[in-house]
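All remarks here apply to the structure that follows.
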Amino acid sequence: MKNNEVILTQVREQQPVVGISACLTGQNVRYDGGNKFHQLIQQELAPWLNFQAICPEAEAHLGVPRPPVQLVKTSEGIQALGVEEKTLNVTQTLNHTSQHLVKNFGYKMCAYIVKARSPSCGAGSTPIYDMSGIQKNAGNGIFVETLKTSFPHIMIVEESVFNDIVMCKDFLEQCYQLHQKLAGC
Ligand code: SF4
């Protein structure tokens, strides 16, 4: 490793560890093969935080591109079902992958920036439909639900709140406070 790379690695290791939905960092992992790169997050937060970019649906090997899914309230609970492919049900796969990811990475993190409205990553904004396709309410995506249950101390924030520099600074301050409190998250 060159000197600059060693220094950069050392700096990263001192920074608060923050998970982030991979599509927000510009990775082409969305169902349509695209991304949701967020300029302000990249500019104002990325230099100061040790970002761990994760796409639960790509980790679950659902493919890129892949058929879109949505959360549906059924008699067996909330399920992730195909929007167009009505027989598609990826609930078990997503649950299993989420538990695996959270177990491996959750303990390191003091915060997580997630993509709003996603059936995996949404935090309170994900539409939940009934069996006839009518939206009934909104809740957490499958990955975020698992993360919240396993690590309630992690600060989870949707990307939609980062619309100005003040919000970014507030978030950074909270991350560094949590980082100190949890002694190296
Ligand atoms: S919202 Fe989450 S699951 Fe969807 S593409 Fe982004 S990281 Fe992947």
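Indexing begins at 1, ligand by ligand and atom by atom, following the structure's order.
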Going by heavy atoms, is [X] under 4.0 Å from ligand 1?
| X | value |
| --- | --- |
| A58 | no |
| E59 | no |
| N35 | no |

Using the benzene-type ring in the case of Trp, are the ring centres of F151 and Y107 under 6.0 Å apart?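 F151 vs Y107: aromatic centres not under 6.0 Å.
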
What about F143 and Y112, are their ring centers closer than 6.0 Å? yes

State, yes or no, whether a side-chain contact exists between [X] and [Y] at a heavy-atom distance under 4.5 Å.
| X | Y | value |
| --- | --- | --- |
| I113 | L45 | yes |
| V69 | L81 | no |
| R117 | P127 | yes |

I'd like to know: is atom 6 (Fe) of ligand 1 within the 2.8 Å range of an N/O/S atom from C23, strictly under that distance? yes

Using a strict 4.0 Å cut-off to heavy atoms of [X], name the atoms of ligand 1 that fall inside it.
| X | answer |
| --- | --- |
| C121 | 1 (S), 2 (Fe), 3 (S), 7 (S) |
| A22 | 7 (S) |
| C55 | 3 (S), 5 (S), 7 (S), 8 (Fe) |
| S118 | 1 (S), 4 (Fe) |
| S21 | 7 (S) |
| R66 | 5 (S) |
| K115 | 1 (S) |

For K36, is there an ion pair with E159 - N to carboxylate O distance below 4.0 angstrom? no

More than 12 non-hydrogen atoms from neighbouring residues, nucleotides or ligands closer than 6.0 Å to CG on L40, yes or no?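 More than 12 heavy atoms, drawn from other residues, nucleotides or ligands, come within 6.0 Å of this atom.
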
I need the minimum non-hydrogen distance between T91 and A80, along with the two atoms involved. OG1-N, 2.9 Å

So for R117 against ligand 1, with non-hydrogen atoms under 4.0 Å, the contacting part is neither

Where does I54 meet ligand 1, judged by heavy-atom distances below 4.0 Å: at the side chain, the backbone, both, or neither? backbone

How long is the span from the CD atom in E59 to the CG atom in L94, to the nearest 0.5 Å? 11.5 Å

